[in-house]
Amino acid sequence: MKKIGVYGGTFDPVHNGHVSLAIDAVDMVSLDAVIFMPVYIQPFKQGKKLADGTDRLRMLELAAEDHPVLAVSDYEMKSESVSYTYKTLRMLKGVYEEEDKIFFLCGTDSFLKIETWMNAEELLDSYSYIVGTRPGYKEEELKETIERIRREHGTEIVKIKNRQVDVSSTLIRERAAGGLSVTGLVPEKVERYIVENGLYK
C-alpha cells in the first residue's frame with residue numbers, strides 16, 4: 001500500500017515553508033511521496049493576478065529537485081479552468097491502486113474552511129487529511145473542527161507538529177518587487193530563477 005500526499009495551492013512563489021511542511025508530512029506520516037499540485041485558478045482567489053503558470057510550475061520543479069520524495073504535477077494547470085480539489089483527488093484515485101491511500105496536505109487556515117469547498121461532503125467522506133499547525137494558532141478552533149468532522153464523516157485527519165518557518169509568498173513578492181533579497185526565504189534554485197527572470201518586478 002502506498003501513502004501519497006497531495007499539496008495544492010497557488011505557490012506564487014513556492015517557499016521554504018511549503019517545502020518543509022511537505023518533508024515533515026513525509027517523515028511524520030510515513031508517506032511515499034508528496035505531489036505539489038499548483039492551481040490554474042483558485043476558486044477563492046478568482047480575479048487575483050498570479051505569476052504565469054509556467055513560472056510557478058518551474059519554481060516548484062526546482063524546489064523539488066533535491067528531494068526525491070517530492071513530485072510536481074501540472075494536472076490542474078493543464079485544465080485551464082478553476083481548480084477544484086475534488087476533481088483532482090478523483091483523478092488521483094483513478095491513477096493509484098484501490099488499497100493506496102491519498103492524503104490531502106494543508107495548513108490550519110485551509111482546513112478550517114474545507115466545509116465551504118465545492119463537493120465538501122465527498123472530500124470529507126472519501127479522503128484523508130494531514131494538517132500542518134502552528135503553536136497557539138487557532139488551536140482550539142482546529143481541535144473542535146477536527147473532532148466534529150471525524151464524528152460526522154469518519155474522516156481520517158492527522159494533525160502534525162511541523163517545523164515553523166516564518167515566511168509567506170506575499171512577503172517574497174513584496175521583497176522581490178522592491179529589489180530586496182529573498183535569500184533564506186525560498187530554495188536557492190528558486191531564488192536564482194526569480195532574479196534571472198525578473199519575477200514580481
Side-chain angles (χ1 to χ4, degrees), residues 2-39 42-45 56 59-60 63-64 67 69-73 76 83-86 88-89 92 101-173 182 184-187 190:
K2 281 194 187 127
K3 289 161 82 175
I4 305 296
V6 181
Y7 193 178
T10 49
F11 303 113
D12 188 24
V14 60
H15 56 62
N16 289 340
H18 295 132
V19 175
S20 72
L21 176 57
I23 289 168
D24 287 349
V26 168
D27 292 342
M28 294 175 182
V29 192
S30 303
L31 300 179
D32 292 282
V34 167
I35 302 168
F36 281 103
M37 187 74 68
V39 301
Q42 204 173 40
F44 296 106
K45 293 183 181 175
R56 290 187 289 123
M59 286 188 282
L60 275 167
H67 305 283
V69 290
L70 303 184
V72 182
S73 169
E76 291 189 355
S83 304
Y84 290 111
T85 301
Y86 80 90
T88 300
L89 295 182
L92 288 169
K101 189 176 280 189
I102 295 168
F103 288 85
F104 191 75
L105 172 61
C106 57
T108 296
D109 281 335
S110 291
F111 189 78
L112 288 173
K113 294 189 192 111
I114 200 163
E115 289 163 294
T116 67
W117 294 9
M118 180 75 83
N119 285 16
E121 294 274 323
E122 177 186 338
L123 286 171
L124 295 170
D125 289 341
S126 309
Y127 303 97
S128 302
Y129 296 84
I130 298 168
V131 185
T133 58
R134 277 184 268 165
Y137 181 71
K138 298 189 178 178
E139 237 165 316
E140 204 49 46
E141 188 184 349
L142 180 63
K143 183 172 174 253
E144 287 169 8
T145 302
I146 287 174
E147 284 172 1
R148 182 171 48 73
I149 287 174
R150 278 178 181 152
R151 196 169 56 244
E152 291 174 4
H153 298 272
T155 315
E156 180 180 2
I157 305 161
V158 183
K159 192 169 73 168
I160 62 171
K161 288 185 176 172
N162 49 294
R163 281 170 287 169
Q164 304 305 303
V165 182
D166 190 17
V167 58
S168 72
S169 295
T170 306
L171 170 72
I172 293 159
R173 290 195 302 270
V182 294
L185 303 175
V186 297
V190 173

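Values below: all heavy atoms of this structure, side chains included; hydrogens, waters and symmetry mates excluded.
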Nearest heavy-atom neighbours spanning [X] and [Y]:
X   : Y    : value
V34 : A22  : CG2-O, 3.7 Å
A63 : V19  : CB-CG2, 4.1 Å
E76 : P38  : CB-O, 3.5 Å
P13 : I172 : CG-CG2, 3.6 Å
D12 : R173 : O-NH1, 2.6 Å
S30 : K3   : O-CD, 3.8 Å

Open item on the list: Applying salt bridge (Lys or Arg N to Asp or Glu O under 4.0 Å), can you list everything that pairs with E115, at least two apart in sequence or on another chain?
Closed with: R148
With rounding to the nearest 0.5 angstrom, report the [atom1] to [atom2] distance, [X] to [Y].
X    : Y    : atom1 : atom2 : answer
D166 : N16  : CG    : CG    : 12.0 Å
I102 : I35  : CD1   : CD1   : 8.0 Å
F104 : T85  : CZ    : OG1   : 4.0 Å
C106 : L21  : SG    : CG    : 9.0 Å
Y84  : W117 : OH    : CH2   : 12.5 Å
H67  : S20  : NE2   : OG    : 9.5 Å

Would you say that [X] contacts [Y] through its side chain, given a criterion of any heavy-atom pair below 4.5 Å between the two side chains?
X    : Y    : answer
Q164 : N162 : yes
M59  : F11  : no
I160 : I130 : yes
T108 : R134 : no

Open item on the list: Taking I4's backbone N and O only, do any of them form a donor-acceptor pair with D32's side chain (distance below 3.5 Å, no angle check)?
Closed with: no
TODO: Return yes if some donor-acceptor pair links the side-chain N/O of T155 with the main-chain N/O of R150 below 3.5 Å, else return no.
DONE: no
TODO: Please work out which of the three classes, parallel, tilted or perpendicular, describes the rings of H15 and H18, given edges at 30° and 60°.
DONE: parallel
Under 3.5 Å, which donor-acceptor pairs link side chains of residues 138-146 to any protein atom two or more places apart or in another chain?
| unit_1 | atom_1 | unit_2 | atom_2 | d |
| --- | --- | --- | --- | --- |
| K138 | NZ | D109 | OD1 | 2.9 |
| E139 | OE1 | G136 | N | 2.5 |
| T145 | OG1 | E141 | O | 2.8 |

Open item on the list: Check this for me, if you would: do R163 and D24 make a salt bridge, where the nitrogen-to-carboxylate-oxygen distance has to be below 4.0 angstrom?
Closed with: yes
Open item on the list: I need the single residue from L105, I149, I114 that forms a side-chain contact (heavy atoms from CB on, under 4.5 Å) with Y129. Which is it?
Closed with: I114
